[in-house]
Protein chains: 2
Amino acid sequence: MSTLADHIEAYIKKMLRGSQTNSVELSRAQLADDFACVPSQINYVLSTRFTLERGYVVESRRGGGGYIRIGHVQVDDGYAHAIKILKSIGSELDEKQMDNILAYLKDHHLLTARDCQLIRGIVQQEVGSVTQGKAILRASLIRSLLFFILKTRS
Amino acid sequence: MSTLADHIEAYIKKMLRGSQTNSVELSRAQLADDFACVPSQINYVLSTRFTLERGYVVESRRGGGGYIRIGHVQVDDGYAHAIKILKSIGSELDEKQMDNILAYLKDHHLLTARDCQLIRGIVQQEVGSVTQGKAILRASLIRSLLFFILKTRS
DNA sequence: AGGATTAAGGTCAGTATTAGTCAAAGAAAG
DNA sequence: CTTTCTTTGACTAATACTGACCTTAATCCT
């Protein structure tokens, strides 16, 4: 965690954890000022880290009294939802999609940081040893690994 | 006698030994500079010496604030033998071979009966959904699943 | 009421900063 | 002498950050 974007991400996640309602409202200009950066940096952080795919919902309004509201999607049964996500993986999966899934599961405490590390490493290694059908193999591996983990830990 | 790659390998391993967390983070450009070589030399060292097979997990990020993080996962002796078996899996694996491996690991109490059942089911499912390269996919899946299990339970 | 002003946030393209890939050249080993 | 391992560098890809310009909403002022 060393870039400005990482710090802003951590800050927002901390606020979210401290919130009863699983959502926080903030001022873009204020936050940018706190971190001594341009306001568009906040948009960068939001669009790269707080995406729907990772389980976040961002709303905003412009003009006087404008705001940015970030919500963390909480499902009743995180485990069941995770299985659903896995089932929705098609026959192919690119690296970005994989990372989003892992980030989602980590943020919802269904995987540890170490799990993610290992999974990424394993998949990277296996996918790297093949010249064709990388995305297909990745889909298969992620589906299998995550399914196994979720099944054995539930 | 010892090549540059060997020195870089030794240097990283020394850093790892000195780390509480069994992982180190470094800058590719910085390390290359320290050893007066091109940055891609670092990639060479990583890909030839810090492989998953040897118990290392390498993560990296490009761009501003980029890094390379190397983690070491130790395994105790009981598992080390299982890892050896995994290494012996070639690029292809038929059903019979798979069953033999699973049976062996179950007999030696490295996997539970449920693990085996689950793994078998998952592999069958994935392999069944593909028309070509079944044996290749099976090898990849078994290697990955077993590797993950062994690494996380040791 | 309605235009002018003020106060937000959004977009996008450009620049900077890393790391990855690949193939060819060179060195070492068998 | 052949094969395998090492080293290099040109090209590629990903990520972070900035600033100029745009859009939307509330409020003020006649």
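So you know, we letter chains A, B, ... as the sequences are listed, proteins then strands, and number each from 1.
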Rounded to whole Å, please give me the gap between [atom1] in [X] and [atom2] in [N].
| X | N | atom1 | atom2 | answer |
| --- | --- | --- | --- | --- |
| B:L4 | D:dC5 | CG | P | 17 Å |
| A:H7 | D:dC17 | NE2 | C1' | 15 Å |
| A:I68 | D:dA25 | CD1 | P | 15 Å |
| B:D6 | C:dA28 | CG | P | 12 Å |
| A:K134 | C:dG20 | NZ | P | 15 Å |
| B:R28 | D:dT8 | CZ | P | 13 Å |
| B:E59 | C:dT18 | CD | C1' | 16 Å |

- For residues B:R54 and B:H72, report the shortest heavy-atom separation together with the two atoms involved.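 What the structure gives for the nearest pair is O-NE2, 4.0 Å.
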
- Query: Which pair of heavy atoms, one from B:R153 and one from B:L110, lies closest together, and at what distance?
  - Reply: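 Looking at all heavy atoms of both residues, the closest pair is NH1-O, 4.4 Å.
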
Show every donor-acceptor pair shorter than 3.5 Å between a side-chain atom in residues 36-45 of chain B and any protein atom, with sequence neighbours excluded, or say none if there are none.
unit_1: B:N43; atom_1: OD1; unit_2: B:R28; atom_2: NH1; d: 2.6

- Task: Give me the residues of residues 35-47 of chain B where at least one heavy atom lies under 4.0 Å from an atom of DNA chain D, by number, or none.
- Result: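 Here the set is B:C37, B:V38, B:S40, B:Q41, B:Y44.
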
Show me the donor-acceptor pairs within less than 3.5 Å that the side chains of residues 13-20 of chain B make with the rest of the protein, sequence neighbours left out.
unit_1: B:K13; atom_1: NZ; unit_2: B:E9; atom_2: OE2; d: 2.8
unit_1: B:S19; atom_1: OG; unit_2: B:T21; atom_2: N; d: 3.2
unit_1: B:S19; atom_1: OG; unit_2: B:N22; atom_2: N; d: 2.9
unit_1: B:S19; atom_1: OG; unit_2: B:S23; atom_2: N; d: 3.2
unit_1: B:S19; atom_1: OG; unit_2: B:S23; atom_2: O; d: 3.2

Count the heavy atoms of every other residue, nucleotide or ligand shown that sit under 6.0 Å from [atom1] of [X], and state whether that count exceeds 12.
| X | atom1 | value |
| --- | --- | --- |
| B:Q124 | CD | yes |
| A:K151 | NZ | no |
| B:E92 | CD | yes |
| A:Y11 | OH | no |

- Query: In residues 92-108 of chain A, which ones come under 4.0 Å of DNA chain C, going by heavy atoms?
  - Reply: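 Heavy-atom cutoff 4.0 Å gives no residues at all.
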
- Message: Could you check whether A:D107 and A:Y56, counting side-chain N and O atoms only, form a donor-acceptor pair closer than 3.5 Å?
- Response: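 There is such a pair (donor and acceptor under 3.5 Å, judged by atom type) between the side chains of A:Y56 and A:D107.
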
- Query: Does a nitrogen or oxygen in the side chain of B:R49 sit under 4.0 Å from OP1 or OP2 of D:dT6?
  - Reply: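 Checking D:dT6 against B:R49, a side-chain N or O does come within under 4.0 Å of OP1 or OP2.
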
- Query: Using a cut-off of less than 4.0 Å, is there contact between a side-chain N or O of A:S60 and OP1 or OP2 of C:dG10?
  - Reply: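 Checking C:dG10 against A:S60, a side-chain N or O does come within under 4.0 Å of OP1 or OP2.
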
- How is A:T48 classified with respect to the nucleic acid when contacts are heavy atoms under 4.0 Å: base, sugar-phosphate, or nothing?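 Since no nucleic acid heavy atom lies under 4.0 Å of A:T48, the category is nothing.
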
- Polar side-chain atom of B:D34 near backbone of B:L31 as donor-acceptor pair, under 3.5 Å: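 Looks like no, no N/O pair under 3.5 Å.
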
Under 3.5 Å, which N/O atoms of the protein pair with N/O atoms of nucleotides 26-30 of chain D?
unit_1: D:dA26; atom_1: OP1; unit_2: A:R61; atom_2: NH2; d: 3.0

- Message: Listing request: all ring pair (Phe, Tyr, Trp, His ring centres under 6.0 Å) pairs with a residue in residues 107-152 of chain B, at least two apart in sequence or in separate chains.
- Response: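 Found B:Y104-B:H108.
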
